[in-house]
Novice: 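Quick one: the structure is below, and I'll ask about it shortly.
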Amino acid sequence: MRLLNHRLATGRSAVVWLVALCLLSACTESGSDKPQPLSKAPSWRAIPVAELPADFIDFYPSSMTSSSKALFAASGYLPTTSLDVPQKVFASRDGDGWRDRTPEGMSTTATVQSLAAYGSTTWLLGGNGFSTARAALWTTDNDGSSWKGPILLPRSPDTEIPVAVAAGERGALVVTKVTAGRAKPDEQQASLRVRLVEKTGQPPTTLFDTPCGGHEGNEAKAELLVADDAFHLLTNCTTSDFKPADQLFTSRDGRRWKKEPLPDNGNEFDHLARNGDTMVLTGGLADDDVEHTTEPRTWYRQGTDRWRTGAPLDVGRLPDVGVVSRKAQEMLAVTPAGSGFVAIGSARAADNSAVGALWFSADGKKWAKQPTRANGFDKLRSLATLTVWKKKVVVLGSRRAWETSDPAHARIWIGDLARSYRSPSPSARHQPLEQFIGTWTWSGASITIKGDGSFAYRYLTMVQCSEHAPPCDQGTEMGGKASGTLHEGRTADKAVGTVVDALPNAPAGSSITITREPYMTIDITINKEEFGLFCEPGAQRCAGHVGSG
């Protein structure tokens, strides 16, 4: 620090390095809560699916962050994602209700969006423009209802795409992948570039470049941490013959970056997190076969001590779901939480089915897998990204599989970092059938559900009254009708009952089950036959449908 203070008096370049160092929280009061004791795992609750907006359809989560103003979630690009499904940024003031807060001008195709926050400021790294997108940043000091920017990274003959962002009081550190020329990128000539972007509007300053090759399907990636006393950069790269070549760099001033040794019993290092003096690393040992199978592992260290291998990854306990071999378990993100760590990912069975997975560690040494079915993590194929918000951990997952074009079906969980989770007061709980009340519509049918459980199901008979006696359709007015009564099922998101009248292919007295699904929809099943998804009252798009019928 003495050297930095001396250079501060000799020129503006020293200011850049001091600014870089003051991205660290030790240089200012962050106003954040002190770490909560975390001697046992958080309690988890899934956000009621009724609170997710319809625009969460096809939302594949790539990044989350939290400022003092709001929670933010950004989507990522998948090769199977249709180009008419734009990438989005959502924000929430309370974790329950979410709104589309995508900044104007953000490129919404083939671009990774990354989020970072410090205090009340949130940074979004993405692309600007829709022909040849330039890497750019936006900032907001509120819930995303207004964004500043874009701050465009400098033009150059290189192709530069966004990779990662980390934030501090004075600005953001940005990682981009750089490939030479404007033609199709040659992944083996790629490098990673770290820049400092100040909130003052000064031109972005290049801090560091390092070679980082990749290959199709495994482009160069990185994770960047801002700690109290240093920056940490973990790169995910390959050699010219496609072997893992990951590296870890540390810098104390933003100017000089030192390569640090990585554990010698692994060759793929995916995620990095630090809590106080404890740092954890996740990855594994990749085989050389075509399947590129990885044996997942974790490591930890205190301060600058050597890396130590964590206990074997907990795979869960039967009869829970997702209890498969360690090779079929994958950590996709890890974050400090309270005084410990939380990691999320997936567990894939031999038949390629998969469920979400979550692990908790109080010290970085041992990771205990949390119950999957009891927490509802089995509702989706994977848990994708997470952030710490106030005294809670917020997790965002997706049903989307990389290999399919099915809608993403995002879902949100909140974990309480307190020692025990307080149940909501009776007045805050849903009344029976409350989340089913209203008229739900789709494709020539509707169902109106009242608070007492009575319902009326209307449908098109496909026969006009001008040609046939009732029941028949009068223009667009539905002629078919059936009624019945519902009561709450085994869970609050399910209602069951009986249809009094006969329906096509369903006699009077048939059983009916209605389930709340994400994106303001209900799923109707009569006598175990799917009748389809119905959109909430007034919705124009839900669960992959376009229009509400």
Side-chain angles (χ1 to χ4, degrees), residues 21 23-27 30 32-42 64-66 116 118 164 166-168 173 222-236 246-252 257-266 268-284 296-314 331-345 358-370 385-395 415-419:
L21 187 60
L23 283 167
L24 309 176
S25 60
C27 293
S30 66
S32 59
D33 294 326
K34 294 180 180 179
Q36 300 298 303
L38 196 60
S39 59
K40 65 177 184 178
M64 288 192 79
T65 195
S66 56
Y118 186 88
L173 292 180
E223 288 195 2
L224 183 65
L225 294 185
V226 174
D228 289 343
D229 56 354
F231 310 128
H232 304 286
L233 174 67
L234 177 66
T235 68
N236 189 332
D246 302 342
Q247 297 185 82
L248 175 64
F249 298 91
T250 296
S251 174
R252 299 193 180 279
W257 293 77
K258 177 184 178 182
K259 183 162 64 174
E260 294 194 42
L262 285 165
D264 57 9
N265 61 339
E268 281 200 335
F269 304 97
D270 303 319
H271 305 292
L272 188 69
R274 180 173 168 178
N275 198 342
D277 199 39
T278 303
M279 185 177 291
V280 298
L281 184 65
T282 70
R297 294 178 181 174
T298 64
W299 299 267
Y300 67 96
R301 75 179 188 188
Q302 299 293 324
T304 58
D305 292 349
R306 66 180 180 85
W307 290 103
R308 299 178 183 273
T309 304
L313 192 65
D314 183 8
M331 286 184 172
L332 298 174
V334 59
T335 191
S339 57
F341 299 88
V342 172
I344 57 175
L358 185 145
W359 293 266
F360 155 77
S361 176
D363 53 13
K365 303 175 185 179
K366 297 180 180 179
W367 294 83
K369 191 176 182 184
Q370 302 308 293
T385 185
L386 75 167
T387 187
V388 175
W389 173 62
K390 298 181 179 178
K391 297 179 181 179
K392 302 179 185 296
V393 180
V394 182
V395 175
D416 199 320
L417 295 180
R419 290 182 179 274

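What you are looking at is a predicted structure, and each value in this text was computed from that prediction instead of being measured. Excluded from the calculations below are hydrogen atoms, water molecules and symmetry mates; all remaining heavy atoms, backbone and side chain alike, are included.
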Novice: What's the spacing between L358 CG and L332 CG if we round to 0.5 Å?
Specialist: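 Interatomic distance, L358 CG to L332 CG, rounded to 0.5 Å: 11.0 Å.
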Novice: Got a donor-acceptor contact below 3.5 angstrom from the N275 side chain to the G338 backbone?
Specialist: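 Checked: pair present.
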Novice: Drop me the distance from L234's CG to L225's CG, to the nearest 0.5 angstrom.
Specialist: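 These two atoms lie 8.5 Å from each other.
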Novice: What distance do W367 atom CH2 and T282 atom OG1 have between them, rounded to the nearest 0.5 Å?
Specialist: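 The CH2 atom of W367 sits 7.5 Å away from the OG1 atom of T282.
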Novice: Quick one: closest heavy-atom pair of A337 and V393, and the distance?
Specialist: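 Minimum heavy-atom separation between A337 and V393: CB-CG2, 3.7 Å.
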Novice: Under a 4.5 Å cut-off applied to non-hydrogen side-chain atoms, are V226 and Y118 in contact?
Specialist: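 In short, these two side chains do not touch, never coming nearer than 4.5 Å.
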Novice: Side chain to side chain contact (heavy atoms under 4.5 Å, CB included), that's the test. Do T298 and W359 meet it? Break it down for me.
Specialist: CA-CA 12 Å; T298 64; W359 293 266; over 6 Å; no
Novice: May I ask you to decide if Q302's main-chain N or O and D277's side chain share a donor-acceptor pair within less than 3.5 Å?
Specialist: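 No, the answer is negative, given that no donor and acceptor are paired below the 3.5 Å cut-off.
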Novice: Taking all non-hydrogen atoms of both residues into account, name the closest pair between V334 and L386 and its distance.
Specialist: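 What the structure gives for the nearest pair is N-CD2, 4.3 Å.
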Novice: With the side chain counted from C-beta on, respond yes when F269 and L248 share a heavy-atom pair under 4.5 Å apart, and no when they do not.
Specialist: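 The answer is no, as the side chains (C-beta and beyond) never meet within the 4.5 Å cut-off.
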Novice: Rounded to the nearest 0.5 Å, what separates atom NZ in K390 from atom CG in D416?
Specialist: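 Separation between the atoms: 12.5 Å.
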Novice: As a quick check of understanding, evaluate side chain to side chain contact (heavy atoms under 4.5 Å, CB included) for L233 and L173, giving each step before the final call.
Specialist: CA-CA 11 Å; L233 174 67; L173 292 180; over 6 Å; no
Novice: Walk me through whether L262 and W299 qualify under side chain to side chain contact (heavy atoms under 4.5 Å, CB included).
Specialist: CA-CA 10 Å; L262 285 165; W299 299 267; over 6 Å; no
Novice: For the pair R274 and D229, find out whether any cationic side-chain nitrogen is under 4.0 Å from an anionic carboxylate oxygen.
Specialist: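 The answer is yes: the pair qualifies as a salt bridge.
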Novice: Determine whether a donor-acceptor pair (N or O, by modelled atom type, separation under 3.5 Å) exists between the side chain of D314 and the backbone of K369.
Specialist: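 Flag set: sc D314 to bb K369 pair under 3.5 Å.
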Novice: So which heavy atom on S361 is nearest to which on K365, and how close?
Specialist: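 Reported closest heavy-atom pair: OG-N, 3.7 Å.
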Novice: Looking only at non-hydrogen atoms, find the nearest pair between A164 and A222 and report the distance.
Specialist: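 Smallest heavy-atom distance, with atoms named: CB-O, 3.8 Å.
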Novice: About how many Å separate CE of M64 and OG1 of T335, when rounded to the nearest 0.5 Å?
Specialist: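 Spacing of OG1 (T335) from CE (M64) equals 11.0 Å.
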Novice: Taking all non-hydrogen atoms of both residues, which atom of R301 and which atom of D305 are closest, and how far apart?
Specialist: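 Looking at all heavy atoms of both residues, the shortest contact is CD-O, 3.3 Å.
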Novice: Look at the side chain of E223 and the backbone N and O of L272, then say whether any donor-acceptor pair between them is shorter than 3.5 Å.
Specialist: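 The answer is yes, because a donor-acceptor pair under 3.5 Å joins these two groups.
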Novice: Mark yes or no for whether S66, through its side chain, and V388, through its backbone, hold a donor-acceptor pair below 3.5 Å.
Specialist: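 A pair under 3.5 Å: yes.
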Novice: With sequence neighbours left out, what residues match W307 under ring-ring contact (aromatic ring centres under 6.0 Å, His included)?
Specialist: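 In terms of ring-ring contact (aromatic ring centres under 6.0 Å, His included), with neighbours along the sequence ignored, W307 is linked to no residue.
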Novice: Could you report the tightest heavy-atom contact between G266 and R297, atom names first, then the distance?
Specialist: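 For G266 and R297, the tightest heavy-atom pair comes out as N-NH1, 4.3 Å.
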Novice: Once rounded to the nearest 0.5 Å, what's the spacing between atom CD1 of I344 and atom CD of Q370?
Specialist: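 Nearest 0.5 Å value for the CD1-CD distance: 13.0 Å.
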Novice: Please identify each residue that fulfils side-chain contact (heavy atoms from CB on, under 4.5 Å) with Q247, with sequence neighbours left out.
Specialist: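 Residues passing side-chain contact (heavy atoms from CB on, under 4.5 Å) with Q247: T210, T235, F249, K259.
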